Protein chains: 2
Amino acid sequence: MFSIGQLSKQTGVKVPTIRYYEQVGLLVSAGRTEGNQRRYDKDGLERLGFIRHARDLGFSIEAITALIDLQQHPDRSCQQATEIAQHQLTDVREKLLRLKALETELVRIADGCDGEGNSDNCYVLASLADHQHCRGEH
Amino acid sequence: MFSIGQLSKQTGVKVPTIRYYEQVGLLVSAGRTEGNQRRYDKDGLERLGFIRHARDLGFSIEAITALIDLQQHPDRSCQQATEIAQHQLTDVREKLLRLKALETELVRIADGCDGEGNSDNCYVLASLADHQHCRGEH
DNA sequence: CTTGAAGCTCTAGTCACTAGAGGTTGTAGA
DNA sequence: TCTACAACCTCTAGTGACTAGAGCTTCAAG
Ligand SMILES: [Zn+2]
Ligand SMILES: [Zn+2]
Ligand SMILES: [Zn+2]
Ligand SMILES: [Zn+2]
């Protein structure tokens with residue numbers, strides 16, 4: 001049996017975050033001591049590892065809840081799992097496209113002024129004031 | 001003079017968002033009618049355009065506040081403006097790196113299962129359970 | 001048995017909005 | 001001039017995924 005602190009050390013998830021996961025129904029402790037402290041078993045440790053990894057990959061708490069639910073029922077079809085993963089991939093790709101566009105504009109904007117002048121003829125400020133300066137959309 | 005709704009239409013910023021910007025000190029109306037409704041002048045319209053554009057480029061409210069402050073003082077050095085822009089660029093690049101790594105892993109994970117099997121031998125679930133499957137860090 | 005690290009609950013704060021309730025004002029048409 | 005009603009007002013609370021802090025209790029080593 002592990003205390004919440006031991007779980008935290010093993011997984012790299014902070015103690016208040018573990019409590020938060022319990023609050024939203026993602027990870028319930030195996031039980032409590034007489035003094036009301038949480039105790040976890042190997043199952044809890046593995047589940048928190050799963051959560052941690054999925055969060056690192058950007059999955060939402062809601063998605064992780066569904067994934068764990070699926071994991072608890074080994075006989076069910078895993079179709080939903082692939083759907084969730086595909087959706088997450090799509091999401092990441094959309095963000096990538098957006099950020100690439102931003103990077104292009106920001107390079108132009110940030111490099112357009114050396115910071116030596118005054119703000120009334122600063123290319124950074126002028127670019128922000130008028131989207132016409134921009135090469136693309138965003 | 002423009003009403004808040006007219007400002008909204010011209011800039012594409014939603015009415016409650018404009019009120020929110022006022023609350024955080026970004027954009028104050030030129031005045032009010034006798035009946036307490038906000039009225040804006042051309043200055044306000046331009047400023048909201050600036051805010052909108054900067055937000056689209058991912059600048060934080062705090063950064064935009066500093067940029068507008070700088071814009072109000074044409075005789076000041078624009079060094080801070082370039083710093084803020086550079087910082088934003090760095091930020092975007094970090095996010096890009098992270099997302100690219102995520103994309104790589106997610107392609108592998110999402111394509112590793114066709115969703116036809118059961119969840120007890122699903123590659124998606126197995127990959128999430130164990131970072132060892134991953135090619136890189138994240 | 002004492003001490004102090006680690007645990008507990010509860011509330012509130014973060015960021016940039018967004019939604020809704022419940023009331024008031026502006027304006028166009030009759 | 002009156003009447004509808006769209007648009008406006010303020011205030012509170014909710015979003016996601018935590019994080020911080022106050023004030024208290026418990027566990028375990030020495
Ligand atoms: Zn400049
Ligand atoms: Zn632009
Ligand atoms: Zn599968
Ligand atoms: Zn991994």
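Note that this is a predicted model, so its numbers are computed, not measured.
Using a distance-only test at 3.5 Å, with no hydrogens or angles considered, no donor-acceptor pair links the side chain of B/S127 to the main chain of B/I109. The backbone N or O of A/H133 sits nowhere less than 3.5 Å from a side-chain atom of A/D130 that would complete a donor-acceptor pair. Remark: side-chain polar atoms of A/E46 are not paired, donor with acceptor, to backbone N or O of A/D43 under 3.5 angstrom. Judged purely by atom type and a 3.5 angstrom limit, A/R47 uses its side chain to pair as donor or acceptor with the backbone of A/L26. Proximity of a side-chain donor or acceptor of B/R38 to a complementary backbone N or O of B/I4 within less than 3.5 Å is not detected. No donor-acceptor pair under 3.5 Å is formed between the side chain of A/Q10 and the backbone N or O of A/L45. Although no hydrogens or angles enter the test, the distance criterion places no donor-acceptor pair under 3.5 Å between the side chain of A/T17 and the main chain of A/V13.
Every ring-ring contact (aromatic ring centres under 6.0 Å, His included) that B/H138 has, sequence neighbours left out, goes to A/H53, B/H131.
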Report, one pair per line, the protein and nucleotides 27-30 of chain D atoms (nitrogen or oxygen only) whose separation is under 3.5 Å.
from   : atom 1 : to    : atom 2 : distance (Å)
D/dC27 : OP1    : A/T33 : OG1    : 2.9
D/dC27 : OP1    : A/G35 : N      : 3.0

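Going from atom CD1 of A/I4 over to atom C1' of D/dT26 covers 14 Å, rounded to whole Å.
No salt bridge links B/R98 with B/E94; every basic N to acidic carboxylate O contact stays at or beyond 4.0 Å. The pair A/E22-A/R32 meets the salt-bridge criterion, with a side-chain N (NZ, NE, NH1 or NH2) lying under 4.0 Å from an Asp/Glu carboxylate O. In this structure, A/R135 does not pair ionically with A/E105, as no charged nitrogen and carboxylate oxygen lie closer than 4.0 Å.
A heavy atom lying under 4.0 Å from DNA chain C marks the following residues of residues 44-66 of chain B, by number: B/R55, B/S60, B/I61. Annotation: proximity of residues 6-26 of chain A to DNA chain D (heavy atom, distance under 4.0 Å) is found for A/K14, A/T17, A/Y20, A/Y21, numbered in ascending order.
Put simply, chain A comes within 4.0 Å of DNA chain C, heavy atom to any atom, from C/dG7 to C/dT9, going 5' to 3'.
Atom NE2 of A/H73 is surrounded by more than 12 heavy atoms from other residues, nucleotides or ligands within 6.0 Å. With a 6.0 Å radius and a threshold of 12 heavy atoms from other residues, nucleotides or ligands, B/E62 has its CD atom at or below the threshold. For A/K9, the NZ atom sits in a loose shell: 12 or fewer heavy atoms of surrounding residues, nucleotides or ligands are nearer than 6.0 Å. Counting heavy atoms of neighbouring residues, nucleotides and ligands inside a 6.0 Å radius, atom CD of A/Q72 exceeds 12 of them.
Five base pairs at each end of the helix from C/dC1-D/dG30 to C/dA30-D/dT1 define two local axes, and these are offset by 10° (rounded to 10°).
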